[in-house]
There are 2 protein chains.
Amino acid sequence: MDEPDGAPAPARRGGNGRAGRVAYDLDAVLSVAVQAFNERGYDATSMGALAERLGTSKSAIYYHVSGKEELLRLALERALGKLERLLDEPDPAASALDRLERVLRGAVRVLVAELPFVTLLLRLRGNTEVEREALARRREFDHAVARLVEEAVADGALRSDVDARTATRLLFGMVNSLVEWYRPGGGLSADQLADAVVAMAFEGLRA
Amino acid sequence: MDEPDGAPAPARRGGNGRAGRVAYDLDAVLSVAVQAFNERGYDATSMGALAERLGTSKSAIYYHVSGKEELLRLALERALGKLERLLDEPDPAASALDRLERVLRGAVRVLVAELPFVTLLLRLRGNTEVEREALARRREFDHAVARLVEEAVADGALRSDVDARTATRLLFGMVNSLVEWYRPGGGLSADQLADAVVAMAFEGLRA
DNA sequence: AGTCCTACTTACCGATCGTTCAGTCAGGTT
DNA sequence: AACCTGACTGAACGATCGGTAAGTAGGACT
């Protein structure tokens, strides 16, 4: 673990950038940072440790971003943006249950595709303003899904003996827990995963 | 938030302790510490901030514990101990499914009863040796439950089209997510919660 | 009265934190 | 040749970190 092995190689600028030398771009810095934040925790990851992973100096990072917190902000924006877009095309003709299933499968897809970024999002504690704002946006997303569940219960499509809010939270608990164990390339595709989630959520595990 | 309002009042020693003055005991320090760790994160919680919450000085804490990490160790021990004891009385006569349901309900019960301690356990990143050891014990608990699921699938009691390992992880994801939202006294008892978990896990949400 | 113990307090330590700043150097432009 | 700019380096900043050393108030015990 002495060399920044897992890190993407510094992107030597082709024709895109104007000039310069070796050059990480912002995306490379961001993805290395997010990976480090997820492994050790945001607070426990120092800018020095980050620089070591990148193979540069601490201060080089400050050329690309204004500070540690901006790295967090950029990463959270990426995760939240993708999730929020899930709610944009609802297809009002479909039943609440169908729309719920669509959002559920979409959430699994985004989670898998943007695993490190969503992982970071789901571990926030709300210590700073940046974190609190992200948590508020996440809550808004949760509420939108909760409304879908309530609609589906009202339609008679979902059982009514389990409280809709509780059901929504258990549902999210199941989906969000993916970031703690799912790793792509482990013989389980995103679609298979979504199938398992939907099967367990709607039909249950009983044979 | 200037005064340690939420903190349990310092326990003035009655006849139990030998002598002394004002005196927090270890349990009071521990419970305040765990609450702080959960609110801000372990790494983001300084001993100074902890002392402020307790209404004492930093070094007073060092009279009760050897350091920050021992606070963590003691808290994790409490959570893990309770969880591990769940697996001790299996009643070999019962079916795997029945034993699984029992463990599931027991896990919800422990989680609710020891909410702050289990919360801390579930948020570990494995940065130090103490954390890694706790994570190993937690994994062992997970594996024991996974074996129950596999047994139940082999019995034909659980559906076999969803992989047993995946099912176990989704199950734990659902249960463990409780620490993120369940608050006692919110009109939902631990038993009702366990009912909801078991209903969704085994029968599914579909009406 | 004197001693001991408990439960602290005040003052401080070296290390590390995120951040800044002045300087450097390769290449592009003029 | 002179100058500019983008992308850094190395050293340092004040703040804060976890932890320690030394001293002490107050009750218990002899």
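Atom set for the values below is all heavy atoms of this structure, side chains included, hydrogens, waters and symmetry mates excluded. Just so we're on the same page: letters track the sequence lines, and every chain starts at 1.
With sequence neighbours excluded, no residue forms a ring pair (Phe, Tyr, Trp, His ring centres under 6.0 Å) with A:Phe117.
Residue pairs meeting the side-chain hydrogen bond (donor to acceptor under 3.5 Å, both in side chains) criterion with at least one member in residues 118-127 of chain B, sequence neighbours excluded, are B:Arg123-B:Glu180. Sequence neighbours left out, the pairs with a member in residues 164-177 of chain B that pass side-chain hydrogen bond (donor to acceptor under 3.5 Å, both in side chains) are B:Asp163-B:Thr166. Under the salt bridge (charged side-chain N to carboxylate O under 4.0 Å, His left out) criterion, no residue pair touches residues 181-192 of chain B, with sequence neighbours excluded.
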Quiz item: Once each nucleotide of nucleotides 15-21 of chain C is scored for protein heavy atoms under 4.0 Å, what B/S/- sequence comes out, 5' to 3'?
Solution: --SBBBB
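Closest contact between the side chain of B:Thr56 and the listed nucleotides C:dT6, C:dT9, D:dG6 involves C:dT9.
Listed pair B:His64 / C:dC8 meets the phosphate criterion, a side-chain N or O lying under 4.0 Å from OP1 or OP2. Listed pair A:Ser57 / D:dG10 fails the phosphate criterion, with no side-chain N or O lying under 4.0 Å from OP1 or OP2.
The residues A:Arg73 and A:Glu70 are annotated as salt-bridged, a charged nitrogen and a carboxylate oxygen being separated by less than 4.0 angstrom.
Rounding to whole angstrom units, CG of residue A:Leu26 and P of D:dA7 are separated by 12 Å. To the nearest angstrom, C1' of D:dG10 lies 16 Å from CD of A:Glu52. Rounded to an integer number of Å, the gap from B:Glu70 CD to D:dG19 C1' is 14 Å. Atom pair B:Leu50:CG and D:dG18:P shows a separation of 9 Å (rounding to whole Å applied). D:dC8 atom C1' lies 9 Å from atom OH of A:Tyr63, rounded to whole Å.
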Taking only distance into account, with no hydrogens and no angle test, what donor-acceptor pairs under 3.5 Å do side-chain atoms of residues 143-152 of chain B form with protein atoms, sequence neighbours excluded?
residue, atom, partner, partner atom, Å
B:Glu151, OE1, B:Arg99, NH2, 3.0

